[in-house]
Amino acid sequence: MLMLGFAGFLGLLKIVLMALAAFGLFDAVFRREDAFRAADKQNKVFWLIILGLALVVSYLFSLFSFLPIIGVIASIVYIVDVRPALKQVSGGGRPGGSSSDGPYGPYNGGR
């Protein structure tokens, strides 16, 4: 009975890790290539490969292997570090702000 519950927990954990990698992958697919360069992060193809591999590895391998752990770390790095930088560069970092807003208010073109 205890082993059945533990296997169920590991199954749920595996689904959560796959969802984390899939979220990062789908988010990276819809980001612009120039936003990655403007945010001074690795390029888009790099993150697509890394997050795609993280998704595949989390599906194929057991959670007790080191490969899914590396995939989870890569997914967390993308979601915590790269994604906010891309949102800030793209103008989506501030609610209600426009793309012409600077750090101290709207940019009026030197008027």
Side-chain angles (χ1 to χ4, degrees):
M1 179 86 169
L2 183 61
M3 290 303 291
L4 183 63
F6 186 66
F9 173 73
L10 287 180
L12 288 175
L13 186 61
K14 187 171 187 167
I15 290 171
V16 167
L17 298 182
M18 286 175 52
L20 187 70
F23 173 75
L25 179 65
F26 289 128
D27 184 71
V29 165
F30 294 110
R31 297 287 175 182
R32 294 175 36 180
E33 171 67 36
D34 59 342
F36 285 87
R37 284 182 271 135
D40 198 26
K41 302 297 177 184
Q42 293 287 337
N43 60 8
K44 182 176 181 172
V45 174
F46 173 82
W47 282 109
L48 290 176
I49 291 171
I50 293 296
L51 294 170
L53 285 174
L55 181 61
V56 169
V57 162
S58 65
Y59 176 73
L60 292 179
F61 290 96
S62 168
L63 293 177
F64 296 116
S65 174
F66 70 94
L67 289 176
I69 294 170
I70 293 172
V72 167
I73 292 170
S75 300
I76 290 172
V77 165
Y78 177 81
I79 291 171
V80 172
D81 181 43
V82 177
R83 185 172 184 260
L86 295 176
K87 286 176 73 172
Q88 184 178 14
V89 167
S90 299
R94 289 173 253 124
S98 79
S99 62
S100 66
D101 284 352
Y104 303 108
Y107 178 71
N108 60 8
R111 291 184 236 148

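Only a predicted model underlies this, so the values are computations on that prediction, with no experimental measurement involved.
- Across all their heavy atoms, N43 and E33 have their closest contact at CB-OE2, 3.6 Å.
- For M18 against S58, the heavy-atom pair with the smallest separation is CG-OG, 3.2 Å.
- Within the model, atoms CG of D27 and CG of L51 stand 9.0 Å from one another, a figure rounded to the nearest 0.5 Å.
- Follow the hydrophobic side-chain contacts under 4.5 Å out from L55 and you reach L10 in the same cluster.
- Interatomic distance, CZ of R31 versus NZ of K87, reported as 6.5 Å (0.5 Å rounding).
- Both L13 and F64 are members of a single hydrophobic cluster when ILVMFWY side chains are connected at heavy-atom separations under 4.5 Å.
- Transitive grouping of hydrophobic side chains (ILVMFWY, heavy atoms separated by less than 4.5 Å) brings L20 and L48 into a common cluster.
- Residue I73 holds its CD1 atom at 11.5 Å from CZ of F66, rounded to the nearest 0.5 Å.
- For D40, the CG atom sits in a loose shell: 12 or fewer heavy atoms of surrounding residues, nucleotides or ligands are nearer than 6.0 Å.
- A continuous path of ILVMFWY side-chain contacts below 4.5 Å connects V29 to F46, so both sit in one hydrophobic cluster.
- A pairwise comparison of heavy atoms in A28 and K44 identifies O-CE, 3.1 Å as the closest pair.
- Note that CG of L25 and CD1 of I50 are 11.5 Å apart. Values are rounded to the nearest 0.5 Å.
- Pairing each heavy atom of W47 with each of Q42, the nearest pair is NE1-CB, 3.6 Å.
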